[in-house]
2 protein chains.
Amino acid sequence: MGRKRTKPDKIRLTEVAKLAGVSPITASRFFRNPAALSVGKRVRVESAAKELGYVPNLAARALASQRTEVVGVLIPSLTNNVFSDVLRGIYDTLDGSRYSIQLANTRYSIFQEEKLLRLFLAQKPAGLIVTGINQTAESRTILESVDCPIVQIMEIGPAPVDMMIGFSHYDAARAGISHLLEQGYRRIGFLGARMDPRVQRRFEGYQAAMNDAALFDPRRVVTTSTPTSVTLGGTLFADLVAKAPDIEAVFCVNDDLALGALFECQRRHISVPEQMAIMGFNDLEFMASAVPTLTSVRTNRYEMGRDAATMVIEAIEGRRPAQPVVDLGFSVMKRQSSAPRN
Amino acid sequence: MGRKRTKPDKIRLTEVAKLAGVSPITASRFFRNPAALSVGKRVRVESAAKELGYVPNLAARALASQRTEVVGVLIPSLTNNVFSDVLRGIYDTLDGSRYSIQLANTRYSIFQEEKLLRLFLAQKPAGLIVTGINQTAESRTILESVDCPIVQIMEIGPAPVDMMIGFSHYDAARAGISHLLEQGYRRIGFLGARMDPRVQRRFEGYQAAMNDAALFDPRRVVTTSTPTSVTLGGTLFADLVAKAPDIEAVFCVNDDLALGALFECQRRHISVPEQMAIMGFNDLEFMASAVPTLTSVRTNRYEMGRDAATMVIEAIEGRRPAQPVVDLGFSVMKRQSSAPRN
DNA sequence: CAATCTGTTGGTAGCGCTGTCAATATGAGT
DNA sequence: ACTCATATTGACAGCGCTACCAACAGATTG
């Protein structure tokens with residue numbers, strides 16, 4: 001025969017129901033939808049649960065109801081400040097709700113992403129937040145077959161799987177370059193690290209803006225697949241200056257690189273912005289604090305996380321957003337490091 | 001009567017077993033402990049599972065086996081770089097294992113921590129990683145009653161709940177101050193933000209070292225409960241200089257503050273280290289890259305996460321570590337910003 | 001007064017998997 | 001040939017909860 005019966009000291013819903021003098025199913029309803037109970041029973045179940053210290057068994061709940069209250073979140077990096085801001089937005093929103101978060105880290109690999117997506121499937125998530133729009137064909141198929149709301153974050157593009165919230169990295173980079181051009185800079189270099197799809201699109205924005213002004217020159221582009229860091233910013237800047245000594249300004253695909261470039265300028269006694277303008281991307285907190293203050297393209301990362309989480313919750317609960325694709329935009333934060341060229 | 005029968009197109013273990021020509025329980029064993037099967041059945045089940053695209057139902061597994069393969073992780077902040085390094089260590093280790101991670105964010109609140117701990121209970125985690133040694137009495141009781149391995153990270157102290165990995169913030173700060181004293185600095189200020197328990201202990205280390213040298217002066221201490229930032233470093237430094245204009249060196253409880261202090265010095269044309277020595281804490285990547293390079297107390301954050309994860313896994317699988325409390329130490333990274341005082 | 005409706009409650013069965021133990025097959029030892 | 005140990009497999013029941021439907025009370029309606 002089967003296993004031994006449950007130890008009698010374990011607190012199950014049955015125990016709560018017994019103490020409250022109701023049927024188990026009524027006790028169950030207290031947790032799912034208290035409004036459906038009469039006031040008397042509601043109070044009785046509540047106090048019984050408290051008295052016994054009842055803790056619901058989530059596995060049983062998930063098995064019986066065929067769904068969970070877990071929102072899966074897939075991001076490419078835990079180290080990058082950009083994602084920690086997004087995550088904070090997600091956690092701040094979801095922590096106040098009934099949903100919990102399952103976070104996984106793709107390490108910028110779409111294959112890792114595919115693997116993790118499969119893993120999520122086994123959990124029957126209530127919703128999914130995934131980074132970016134470059135999934136493998138296989139991942140895309142999985143996402144389309146999953147029966148839950150999905151929000152793609154960080155960028156927007158054609159053909160959302162479901163919902164989407166982000167901004168155009170192409171336009172943002174382009175706007176940054178336009179600013180530098182307006183300030184009078186012409187020989188503008190490009191510093192790129194990691195070169196993930198979004199950075200790639202920032203490069204395209206840079207290239208387009210420079211081409212439009214008939215100023216694009218590939219010798220002024222320095223990129224690497226290495227993960228970004230402040231130190232790397234210094235190294236790349238040194239490479240750039242070596243390749244193109246006549247450079248007047250540098251657009252960095254993120255703020256760490258920009259800070260590294262600033263330090264390298266200080267090391268070489270190149271004055272910023274007199275001899276070299278610097279522009280970053282994301283507008284991390286320190287940019288406004290550096291000396292000189294550093295120009296950057298601000299992205300709304302916290303808001304992205306917050307709104308993505310709100311969108312999933314709403315969609316889970318049946319309230320589809322009027323607008324499934326949300327453009328959060330960006331803004332060029334003009335600071336000392338891109339002062340008008342004399 | 002009960003609900004409708006399962007749709008026949010759903011792939012359950014039963015379907016796999018049927019296709020493989022074995023009993024469901026044998027198919028189950030294939031996933032739990034393939035070595036227990038004969039080679040023939042093993043191959044048959046494996047190919048059947050692949051053919052049908054079987055995805056196990058984790059909720060059912062958890063309910064039947066009364067355990068999960070989830071490791072709960074409680075950290076106080078997602079934004080702080082310090083924790084992202086620790087997290088990376090944890091994810092790198094656990095991603096390669098059968099265990100998955102449930103991450104929750106206490107926002108530096110021990111009451112939030114208590115709440116989240118209760119939430120974790122409902123999941124019957126296989127292991128737990130919690131930050132620090134300052135839990136509420138209630139949390140402590142919960143932790144002690146939970147039937148799974150627990151690792152406390154970030155610091156070490158007396159009376160571990162189970163296992164512990166970290167270092168002494170007191171000793172680390174003390175060692176930092178000793179270095180400044182050795183370099184000839186006497187009027188050493190203290191900049192502190194957030195003032196969580198670990199920062200508090202760094203302050204105590206500072207105070208003790210200064211007292212030992214008969215140099216402690218409360219006017220040289222500036223702290224705030226505000227969360228840390230680079231900008232805040234500048235503000236606090238300005239406060240410090242206002243309170244104690246004769247200051248020669250400043251110990252910052254983290255690297256963001258140190259960077260902010262450096263920027264503030266640049267703004268005021270105070271040369272570092274000639275007129276002002278600066279020291280940070282944690283040794284984030286940018287410290288070695290700043291101009292001048294910034295002295296800091298290096299902490300082994302990635303290793304802490306990695307080893308904590310390893311310890312939980314080992315303990316879950318019955319191999320208790322020989323040493324339940326691990327001191328990862330620290331090292332003072334001596335750089336330009338604390339050059340010997342002339 | 002019967003018919004209908006709404007609000008509240010309970011009975012039953014089953015979600016998909018695995019722990020326990022029994023059954024059977026296989027090989028070794030006497 | 002027989003016993004005993006070991007490897008492999010299966011039957012059974014049940015993990016704790018909830019979906020589905022039925023039932024019933026009381027209110028409302030014609």
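First the proteins, then the strands, lettered A, B, ... as listed; each starts at 1.
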5′-ward residue of the pair Arg29(B)/Ala60(B) relative to DNA chain C
Ala60(B)
Is the phosphate of dC17(C) approached by Arg61(B) (side-chain N or O, under 4.0 Å from OP1 or OP2)?
no
Separation of dC17(D) atom P from Arg32(A) atom CZ, nearest Å, is 11 Å
Looking at residues 17-25 of chain A, who's got a heavy atom less than 4.0 Å off DNA chain D?
Ile25(A)
To the nearest Å, give me how far apart CZ (Arg12(A)) and P (dG14(D)) are.
12 Å
Answer yes or no: is there a side-chain heavy-atom contact under 4.5 Å between Pro149(A) and Met163(A)?
yes
Numerically ordered, the residues 37-44 of chain A set in heavy-atom contact under 4.0 Å with DNA chain C is Leu37(A), Ser38(A), Lys41(A)
Is there a side chain to side chain donor-acceptor pair (under 3.5 Å) between Glu114(A) and Thr136(A) once you walk through the steps?
CA-CA 7 Å; Glu114(A) 188 178 317; Thr136(A) 62; 2.8 Å; yes
Salt bridge Arg306(B)-Glu303(B), side-chain N to carboxylate O under 4.0 Å
no
Separation of atom CZ in Arg67(B) from atom C1' in dC17(C), rounded to whole Å
12 Å
Could you tell me how far apart Tyr54(B) (OH) and dG16(C) (C1') are, to the nearest whole angstrom?
7 Å
Which nucleotide in dG16(D), dT18(C), dC17(D) has an atom nearest any side-chain atom of Leu13(A):
dC17(D)
How close do Pro321(B) and Met311(B) get, counting heavy atoms only, and between which atoms?
CG-CE, 4.5 Å
Of dG10(C), dC17(C), dG16(D), the nucleotide closest to the side chain of Thr26(A) is dG10(C)
Is the number of heavy atoms from other residues, nucleotides or ligands under 6.0 Å of Asp147(B) CG greater than 12?
no
Restricting to nitrogen or oxygen on both sides, can you table the protein-nucleotides 24-27 of chain C pairs closer than 3.5 Å?
none

Where do Pro76(A) and Thr106(A) come nearest, in terms of heavy atoms and distance?
CA-OG1, 3.1 Å
Test Leu128(B) against every option in Val71(B), Leu143(B), Val151(B) by the side-chain contact (heavy atoms from CB on, under 4.5 Å) rule and name the one that passes.
Leu143(B)
Rounded to the Å, how far apart are Ile11(A) CD1 and dC15(D) C1'?
16 Å
Note: Thr68(A) and Ala62(A) closest approach over all heavy atoms is CG2-CB, 3.8 Å
Within the 6.0 Å centroid threshold, strictly below: Tyr54(B) and Phe30(B):
no
Nearest-Å distance, CG (Asn57(A)) to P (dC17(C))?
16 Å
Among dG14(D), dT18(D), dG16(D), which nucleotide sits nearest the side chain of Leu63(B)?
dG16(D)
Given Ile129(B), which partner from the list Leu103(B), Ile90(B), Leu74(B) fulfils the side-chain contact (heavy atoms from CB on, under 4.5 Å) test?
Ile90(B)
Are Val312(A) and Tyr99(A) close enough that some pair of their side-chain heavy atoms sits under 4.5 Å apart?
no
Roughly, in whole Å, what's the span from NZ in Lys124(A) to P in dC17(C)?
9 Å
Output the rounded distance in Å from CZ (Phe30(B)) to C1' (dG10(D)).
18 Å
Which heavy-atom pair separates Asn134(B) from Pro197(B) by the least distance, and what is that distance?
OD1-CB, 3.5 Å
Is there a side-chain polar atom (N or O) of Gln66(B) under 4.0 Å from OP1 or OP2 of dG16(D)?
yes
